[in-house]
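Chain identifiers are assigned alphabetically (A, B, ...) following the order of the sequence lines, protein sequences preceding nucleic acid strands; residue numbering begins at 1 within each chain. As a basis for the values below, the full set of heavy atoms in this structure was taken, side chains included, without hydrogen atoms, waters or symmetry mates.
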Amino acid sequence: MSGKFSHLLEPILMSLAKTSKPITLKHCNQIHANLITSQCNSQLHLTNTLLSLYSKCGHFRHAHHLFDQMPQKNVVTWTTLISAHLRSGSFTKAFHMFNVMRGADEKPNEYTFSVLLRACSNPCFLDVGLQIHGVLVHYGLERDKFAGSSLVYMYFNAANDVDHACRIFHELLERDLVTWNLMISGFAQVGDFSVVKRLFSEMWEVHGLKPDHNTLVSLLKCCSLVQEVKQIHGLASKFGTDVEVVLGSALLDLYAKCGDTSSCRKIFDSMEEKDNFIWSSIISGFTKNNKGEEAVHFFKDMCRRKVKVDQHVLSSSLKACLEIEDLNTGVQVHGQMIKYGYQNDCFVASVLLTLYASFGKLVDAEKLFRRISNKDIVAWNSMILAYAWLDQGSTQCMQLLQELRRTTSQIRSATLVAVLKSCENKSDLSAGRQIHSLIMKSSVSQHTLAGNALVHMYSECREIVDAYKAFVDIVWKDDGSWSSIIGSYTQNGMELEALELCKDMLADGVAFSTYSLPVCISACSQLSAIDVGKQLHNFAIKSGYTHDVYVGSAIIDMYAKCGNMEDSDKVFGEQLQPNEVIYNAMISRYARHGKAQEAIEVFSRFEKNGLTPNHVTFLAVLSACSHMGYVEDTLKFFTLMVNKYKIKPESEHYSCVVDAFGRVGRLEEAYEIVQKYGSEPAWRTLLSACRNHNNIKVGEKTAMKIIELYPSDHTPYILLSNIYTGEEKWEEAVKWREKMAKINVKKDPGSSWLI
DNA sequence: TTAGGGTTAG
């Protein structure tokens, strides 16, 4: 009687087992009920299929429950259950079931071993895998296609053991496409590309096996040039290989790495089925190529189509927001992150916290950081860097470092480099010195990256002697080390020494790079050493570095500072794609030569070319206008900067406005600005303007303020005394000179900041 | 009836 309806149930079960559509628990339960009512549940092959359906739709407990209730079991039943445990990540349970199975005298077959060995491809299960290999030999299955192929896979992935993998492969009785693909992917993984190519041609030319998308994905791992990627892409058409999601995303990723975003888009558009991999590949592909706008567009498109986003999509999209400084979209991504439950994901939260921090939202950033359940080192470094951007953020960075040291004894150089970033200011120097001694005591002491960061930190703190000491201590000096120390000397008025170091660098076998060349050229500019500058320019031409914007702008600047405007213009004209840096150099050049009108003209060309001015651009154009006393223009550019370009003015920008007002004698207005936003240089600019206009009222207020802020400074006393002298108020003038003498403030011999 | 390969992120 039993199983009389099996001919009805069987086709339904079979079609469900083969479908690519998602199977629900409801489907499984219905079939289960039907199996029972139609008395087909004693038909083992049908129950086994149901068991695998429960496992495929992720309902492992139901699978296990069914398994327990089955009166009869065969090797398929056991293998399916072991596979279900592995699918759910319960490795120990799976291995345990294997032992129970053998205890129950059920003989494992090639499928059972295939399933188990795949789990052992994880290095932490290699020991188990080797034991299973022993058992497999006992059953005489070592030369079997399925079991043997899985052994090959295990030896490559868990042990990087090429010899063992090859021995097993060569002794197989039969090899199919999957077996060949496993070998090819194994060699691609260990980086032996010549063997990959040899295996590929043998598979196709000798054995006539047509490659599939898996083969091509392994071949793609051997590509480093766009031509090679195109070749593999061509093979797909030659063999009629379906460019499905896996091959599609691998191709897309490689085209992106070669900078070919138009091919990325073509592949993306041609994909009928788009999964999360494809979406995250296209978003990260555009982000990698500094095309954040497009990347963000893809993200929004994805959300509009109601495609479920995953952690890869979220982190790539946030990276794009970071690149284009788009906080609004970032907040939208945050919304999706909450919606899909990725709020505590380490990867996603690390980028989002960086984005929030870049907009000064440190409280939000830290909140995200604290919620990450398993913080890895990148998350810690991101949080440290977030504080490092703050003025005087070294205290928080040091606290985070202490906290991190309580959780791990291994501190890597990237973390210390991040903390050092927070110490690039004189007031944070003591923290910087602490990190220095920490580095010297740790295994990081020989790391070039850490040494370079120390040189940079001391240099920014204007501790040149210490910068040099740190430089000398670097065991393997690279281009970054040399550029850092040469730059440090140049910025601190030691240009001759900088050029000497430049010679040492060449003698040490380190060639000029796009980093070291601009600093050396800039040393020449400040020395007006046009001959050496020209030599460096020649070198730049020969090595093709003139198209680099930093090299180009340094050369433009060098000729201008040496008074050779003709060559400066020539180099500007040779720039293929002048960007912000180049234009900034041109505007600064005119600003320095007091040519405000020309500076303004360059600024408008800059805007016409679709470039976005930054705070340096505005500093240059504001200083050009203010130097000439163009108050209206100064105010116009200042408003443009704040309103249109949303750039937060820094103290230098305010100083320019103060300077402009000061030059035309609008001292009260200047005073108002300095009082609200000014810094030390702004106060000094104002005081100097008061002296030029002999304005006692504002001059007194200003001088008092400087005395209050910098009590040991002689300049306000002298300037005030000079103002009184100018107004023929001799008594007052003498009074201020006396005051200065009384509190023991001395004028630096032979120097005055006015000079 | 059970099985083996592969792609994306900070």
Using a 4.0 Å heavy-atom cut-off, does [X] contact any base of the nucleic acid, only the sugar-phosphate backbone, or nothing at all?
| X | value |
| --- | --- |
| A:Ser114 | sugar-phosphate |
| A:Thr179 | base |
| A:Val178 | base |
| A:Ala147 | nothing |
| A:Val245 | base |
| A:Asp275 | nothing |
| A:Tyr153 | sugar-phosphate |
| A:Arg87 | sugar-phosphate |
| A:Ser149 | base |

Whole-Å distance separating the [atom1] atom of [X] from the [atom2] atom of [N]:
| X | N | atom1 | atom2 | answer |
| --- | --- | --- | --- | --- |
| A:Arg143 | B:dG4 | CZ | P | 24 Å |
| A:Leu173 | B:dG4 | CG | P | 21 Å |
| A:Met271 | B:dT8 | CE | P | 14 Å |
| A:Lys257 | B:dA9 | NZ | P | 6 Å |
| A:Leu66 | B:dT1 | CG | P | 18 Å |
| A:Gln72 | B:dT2 | CD | C1' | 17 Å |
| A:Leu116 | B:dT2 | CG | P | 17 Å |
| A:Ile384 | B:dG10 | CD1 | C1' | 15 Å |

Residues A:Arg167, A:Glu142: salt bridge by 4.0 Å N-O rule: yes

Is the closest basic N to carboxylate O distance between A:Arg102 and A:Glu106 below 4.0 Å? no

Side chain of [X], heavy atoms from C-beta onward: which of [options] has the nearest atom to it?
| X | options | value |
| --- | --- | --- |
| A:Asn109 | B:dA9, B:dT2, B:dT8 | B:dT2 |
| A:Ser150 | B:dG10, B:dT8, B:dG4 | B:dG4 |
| A:Ser316 | B:dT1, B:dA9, B:dG4 | B:dA9 |
| A:Asn48 | B:dG4, B:dG10, B:dT1 | B:dT1 |
| A:Tyr111 | B:dT1, B:dT8, B:dT2 | B:dT2 |
| A:Ser315 | B:dG4, B:dA9, B:dT2 | B:dA9 |
| A:His312 | B:dA9, B:dT2, B:dT7 | B:dA9 |
| A:Asp253 | B:dG4, B:dG10, B:dT8 | B:dT8 |

Which label fits [X] and [Y]: parallel for a plane angle under 30°, tilted from 30 to 60°, or perpendicular past 60°?
| X | Y | value |
| --- | --- | --- |
| A:His62 | A:Tyr54 | parallel |
| A:Phe125 | A:Phe95 | perpendicular |
| A:Phe369 | A:Trp380 | perpendicular |
| A:Phe67 | A:Trp78 | perpendicular |

Lys/Arg cation over aromatic A:Phe169: A:Arg175, 6.0 Å, 45° cone: yes

Among A:Thr79, A:Asp144, A:Leu136, find the residue that satisfies the side chain to side chain contact (heavy atoms under 4.5 Å, CB included) test when tested with A:Phe113. A:Leu136

Just to verify, which of A:Leu251, A:Val245, A:Leu247 counts as forming a side chain to side chain contact (heavy atoms under 4.5 Å, CB included) with A:His213? A:Leu247

Can you say whether a donor on the side chain of A:Ser280 sits under 3.5 Å from an acceptor on the base of B:dT8, or the other way round? yes

Side-chain donor/acceptor of A:Thr80 to base of B:dT2, under 3.5 Å: no

Pull out every residue in residues 332-351 of chain A that has a heavy atom closer than 4.0 Å to any atom of DNA chain B, ordered by number, or say none. A:Cys346, A:Phe347, A:Ser350, A:Val351

With a 4.0 Å limit, can you tell me whether A:Lys221 has a side-chain N or O closer than that to the phosphate oxygens OP1/OP2 of B:dT7? yes

